[in-house]
Q: 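Handing you a structure now.
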Amino acid sequence: MTDLTRRATLKLAAGGAALLAIGAACQTDSTAPEVDEVRVEPGEIPPASGAPFHSEEGRFYLFDDGAETLALYARCTHRSCLIGWEADADEFRCPCHGSRFDRVGDVVGGPAERPLERMTVERLEGGALLVHTDERTSGDG
Ligand code: FES
């Protein structure tokens, strides 16, 4: 191998390694919340029987079930696709493999086996809510 060929090969290898590093740095989890906290104003909090409040950037659905206010992480517990609210069926559905969850995040149809995770909700003075998207607990209780 000539010096010129060796240098060209080394440059190509270095360039490829740099591209791999950039690619790894750019990979993000699109189902992860984009923000650590979301403030929900009193007028946005749905009644117990209403459609849930949805935060796209916080990746959660929130509603008041009458006994407590729940913020459910919108990530399916099967393989992490984002779920959606189906008003006609009054449940959450996952578009990937069809798992279904009720209003409190319990599984009503698999393949998911675990309920949706819950985010910590803090009640602020004046009735607004602060959802801490980075504080989550299992919906198992
Ligand atoms: S990822 Fe939701 S059912 Fe598979």
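Numbers for residues simply follow the sequence, beginning at 1. The figures that follow rest on heavy atoms only: side chains count, while hydrogens, waters and symmetry mates do not. When a ligand or atom number is given, it counts from 1 through the structure's own listing order.
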Q: May I ask you to check whether over 12 heavy atoms, not counting those of R103, lie within 6.0 Å of atom CZ?
A: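 It does: R103 CZ has more than 12 such atoms within range.
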Q: Is there an N/O/S atom in C96 that lies less than 2.8 Å from atom 2 (Fe) of ligand 1?
A: no
Q: Please list, in number order, the atoms of ligand 1 under 4.0 Å from a heavy atom of H97.
A: 1 (S), 3 (S), 4 (Fe)
Q: Kindly work out whether a path of hydrophobic side-chain contacts (I/L/V/M/F/W/Y, heavy atoms less than 4.5 Å apart) joins L62 to F92.
A: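 No, separate clusters.
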Q: Please determine if E37 and R39 form a salt bridge, counting it only when a charged side-chain N lies under 4.0 Å from a carboxylate O.
A: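 Salt bridge between E37 and R39, a charged N being under 4.0 Å from a carboxylate O: no.
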Q: Counting heavy atoms only, which part of C76 comes closer than 4.0 Å to ligand 1: side chain, backbone, both or neither?
A: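 The answer is the side chain.
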Q: Could you report the tightest heavy-atom contact between A112 and C76, atom names first, then the distance?
A: CB-SG, 4.4 Å
Q: Of all the atoms in ligand 1, which lie at a distance below 4.0 Å from a heavy atom belonging to R79?
A: 1 (S)
Q: Can you measure from CZ (R136) to CZ (R118) and round to the nearest 0.5 angstrom?
A: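 The CZ atom of R118 is 14.5 Å from CZ of R136, to the nearest 0.5 Å.
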Q: Flag H78 as yes if one of its N/O/S atoms falls below 2.8 Å of atom 4 (Fe) of ligand 1, otherwise no.
A: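 Of the N, O and S atoms in H78, at least one lies under 2.8 Å from atom 4 (Fe) of ligand 1, which means yes.
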Q: If the cut-off is 4.0 Å to any non-hydrogen atom of S99, which atoms of ligand 1 fall inside it?
A: 3 (S)
